[in-house]
Amino acid sequence: MLILSKIIPTKFFSTLQLVPFLPTLKFSSHALTNRQKFLTKEAVNTLLKSCSSNPYQLKQIHALLLTSGLSIKNSLLTHLLTCFIVLGDMLYVRQLFDEMHKPRTFLWNTLIRGYVQNDQPKEAAFIYKRMNLLGVRPDSFTFPFVIKACAELPEFKAAGPAAHAQVVKYGIEFVAVVRTELMIMYVKLGELGLADFLFKTMVERDLVAWNAFIAACAQNGYGMNALALFREMGSTGTRPDAVSLVSALSVCGQLGCSDTGEEIYRIAREEGIECNIIVENARLDMHMKCGNIDFATELFEKIPCGNVISWSTMISGYAINGESEKALSLFSRMQSEGLRTNYVTYLGVLSACSHAGLVSQGWRYFNLMSRSDDESIKPRKEHYACMVDLLGRSGRLEEAYNFIRSMPIEPDSGVWGALLGACVIHQNLELGQLAAHCLYELAPDVASYQVLMSNMYASAGRWDFVKKVRQRMRKKGVRKLAAYSSVEHNGELHFFYGGDRSHPQSEIIYEKLDCLIKQMKSMGYSSKTNSVFHDVDLEEKESIISTHSEKLAIVFALINVGPDRPIRVIKNLRICDDCHTFSKFVSQISLREIIMRDKIRFHHFRNGVCSCKDFW
DNA sequence: TTAGGGTTAG
């Protein structure tokens with residue numbers, strides 16, 4: 001009793017004393033001998049649950065169970081391991097596992113699951129390999145996790161297909177859970193055809209399989225495929241649930257098609273699931289990502305029980321729309337109402353500061369986080385990256401660099417990438433090269449960093465270095481993302497690439513574009529060719545820049561979208577200097593509002609002025 | 001005795 005009272009909170013003592021005499025599990029430890037009680041499985045589970053967030057107590061319970069001299073039931077052992085997995089203490093899980101004599105398959109499965117759930121896919125794959133070497137036969141419970149691990153190992157491209165081969169070897173490729181994981185894995189690898197084949201040939205194609213496929217597409221840049229699947233699902237008579245709707249809404253946010261998004265929300269109403277907070281949050285986010293700030297605000301105020309995600313969504317939404325004041329005042333409201341915040345909330349707050357160049361405010365929030373007693377909101381790598389972005393974008397490059405050097409945690413590619421981005425804007429070749437050097441080590445395959453480097457050298461006129469970077473990209477097979485812009489019109493998305501003439505209205509678009517540029521030139525516009533990073537003459541630079549995708553998209557919208565509606569353009573990369581000026585002129589000439597979302601933020605153009613105040 | 005799908009940021 002003495003020992004127990006030390007490790008078990010007193011309030012659970014009564015639970016222990018009240019349990020019925022069901023001999024599911026017997027404690028014969030010294031602590032209980034004088035009472036000779038038998039405990040039920042439920043009681044032990046209650047006990048474990050009560051301590052499940054305290055590794056110290058859990059470890060003591062485990063020690064007590066061992067000294068009791070009794071064999072521990074499998075259910076209890078799994079529960080115990082699961083507690084440590086949830087706590088992220090994989091070292092202890094591994095220690096327990098290694099102490100076991102000939103662990104059975106389900107324990108191997110638990111260990112693999114632990115590594116996967118704690119973002120250690122390499123370890124998971126390693127354990128699977130060892131399992132094979134020792135001749136332990138994997139089962140249908142092993143593979144969902146092994147496949148998931150393989151999908152997280154893009155550096156071993158063959159791992160996923162190899163796992164698939166094993167699945168076939170063991171004859172479990174038609175087990176729904178296993179097949180679903182395979183589908184998700186192939187989508188991540190970009191093999192949509194294979195994923196589709198697995199889906200179409202599934203024996204039990206249930207709602208979860210549909211949702212898994214839709215979500216996998218939605219989360220891996222195949223938004224159009226996700227929407228097509230969502231529609232196909234409806235036409236085959238499978239009714240969507242909250243999960244399907246959330247994925248579909250998220251796609252509409254990514255693609256910037258809020259008309260389609262509202263259509264999807266109407267389905268939620270028809271199905272009677274519109275009061276689900278996750279669906280409501282997805283709708284808020286969708287509107288924020290489409291630039292519908294006022295409507296999203298109205299919806300937000302009407303949500304009866306918003307959670308931390310609703311608030312964070314709004315804060316980040318205001319931030320990307322350039323409404324930093326609204327973002328910061330909403331955060332103050334959260335604080336004054338005593339609402340819980342989390343690390344994502346702070347990312348929104350810092351990004352609001354960054355988009356508006358509010359350096360001293362940014363420092364204030366960052367220090368607030370650092371001083372917090374709550375461990376969960378101590379600054380993480382992402383917050384450091386935000387601060388580097390804020391300082392760097394404001395031209396304080398040295399301060400940003402010193403900030404990185406003072407970091408208590410190892411800076412990652414996000415942090416160095418933020419510095420590199422700032423160096424490109426402020427043309428600091430020296431620091432930029434330093435950042436580039438680190439990025440070659442940390443993220444050699446990320447195209448956007450290589451493009452930044454190449455652009456930095458190009459604007460400094462160092463074409464020899466530009467050539468080097470491009471050669472390295474070719475050698476590594478790193479491909480630059482082609483720039484495109486899109487416009488939603490009558491529920492359909494129209495895509496435009498630079499210099500693209502494939503759109504059926506191309507002729508009239510180019511004609512109108514020509515007229516506009518002439519008119520703008522008479523008003524003082526001259527093209528800014530500083531963002532053409534090719535070693536070509538001025539005339540060619542002007543020609544490249546005059547048919548950038550966003551210009552084509554804007555003109556398309558001018559021709560087609562009714563004058564009572566704003567022009568909405570989504571761009572997959574950042575807007576260039578010239579297109580920014582162009583958009584300001586167009587908003588002035590045509591008296592139309594142009595809402596353009598680039599890769600990281602919105603630009604709302606009205607009467608020749610942009611909401612970003614030319615700071616982006 | 002362990003298994004598949006969803007929202008905020010980056």
Original post:
Given the rule that a pair is Watson-Crick or G-U wobble with both distances under 3.5 Å, how would you write DNA chain B in dot-bracket, using | for pairs to a different strand?
Top reply: ..........
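Between Phe126(A) and Tyr115(A), the ring centre distance reaches or exceeds 6.0 Å.
Listed nucleotides: dA3(B), dT8(B), dG6(B). Nearest to the side chain of Val246(A): dG6(B). Residue Ser312(A) has its side chain nearest to dT8(B) when only dA3(B), dT8(B), dT7(B) are considered. With dA3(B), dT8(B), dG6(B) as the choices, the nucleotide that has an atom nearest any side-chain atom of Val243(A) turns out to be dG6(B). Ranking dA9(B), dG4(B), dT7(B) by closeness to the Gln219(A) side chain, first place goes to dT7(B). Closest approach to the Val279(A) side chain among dG4(B), dG6(B), dT8(B) is made by dG6(B) (side chain taken as heavy atoms from C-beta onward). The side chain of Thr313(A) lies closest to dT8(B) when the candidates are dT8(B), dG4(B), dT2(B). The side chain of Cys386(A) lies closest to dG10(B) when the candidates are dG10(B), dA9(B), dT7(B).
Distance Asp139(A) CG to dT2(B) P: 12 Å, rounded to the nearest Å. To the nearest angstrom, C1' of dA9(B) lies 11 Å from NE2 of His355(A). The distance from atom NE2 of His383(A) to atom C1' of dT8(B) is 12 Å, rounded to the nearest whole Å. In this structure, Gln254(A) places its CD atom 14 Å from C1' of dA9(B), rounding to the nearest Å. Put simply, CH2 on Trp311(A) is 14 Å from C1' on dT8(B), counting in whole angstrom units. Separating the CE atom of Met185(A) from the C1' atom of dA3(B) is a distance of 17 Å, rounded to the nearest angstrom. Between the P atom of dA9(B) and the CZ atom of Phe366(A) lies a distance of 20 Å, rounded to the nearest Å. Straight-line distance from the CE atom of Met202(A) to the P atom of dG4(B): 13 Å, rounded to whole Å.
Backbone-only engagement by Ala215(A) is indicated by non-hydrogen atom pairs under 4.0 Å involving sugar-phosphate atoms exclusively. Within the 4.0 angstrom heavy-atom criterion, only backbone atoms of the sugar-phosphate kind lie near Asp285(A); the bases stay farther away. Nucleic acid contact for Tyr346(A): none, since no nucleic acid atom lies under 4.0 Å from a heavy atom of the residue. Within 4.0 Å of Thr142(A), counting heavy atoms only, lies no atom of the nucleic acid at all. Ser316(A) comes within contact range of the sugar-phosphate backbone alone, with a heavy-atom separation under 4.0 Å but no base atom that close. Residue contacts for Lys148(A): at a heavy-atom cut-off of 4.0 Å it reaches the sugar-phosphate backbone alone, with no base atom in range.
For Leu442(A), the side chain to side chain contact (heavy atoms under 4.5 Å, CB included) partners two or more places apart in sequence, or in a different chain, are Ser413(A), Trp416(A). Scored by the side chain to side chain contact (heavy atoms under 4.5 Å, CB included) test, Lys480(A) finds Val451(A), Met473(A) as partners (sequence neighbours excluded).
The base of dG4(B) sits with one of its N or O atoms less than 3.5 Å from a complementary donor or acceptor on the side chain of Asp206(A).
Residues in residues 161-180 of chain A take part in these side-chain hydrogen bond (donor to acceptor under 3.5 Å, both in side chains) pairs, two or more places apart or across chains: Tyr128(A)-Gln166(A), His164(A)-Tyr186(A), Arg179(A)-Thr201(A). Counting only residues at least two apart or in different chains, ring pair (Phe, Tyr, Trp, His ring centres under 6.0 Å) contacts with residues 248-290 of chain A comprise His287(A)-Phe295(A). For residues 221-232 of chain A, no pair satisfies side-chain hydrogen bond (donor to acceptor under 3.5 Å, both in side chains), with sequence neighbours left out.
Side-chain contact of Ser312(A) with Thr345(A): a donor-acceptor pair under 3.5 Å is present, judged by distance alone.
Within 6.0 Å of CZ in Phe197(A) there are 12 or fewer heavy atoms belonging to other residues, nucleotides or ligands.
Between the side-chain ring of Phe141(A) and the base of dT2(B), a stacking contact exists by the 5.5 Å and 30° definition.
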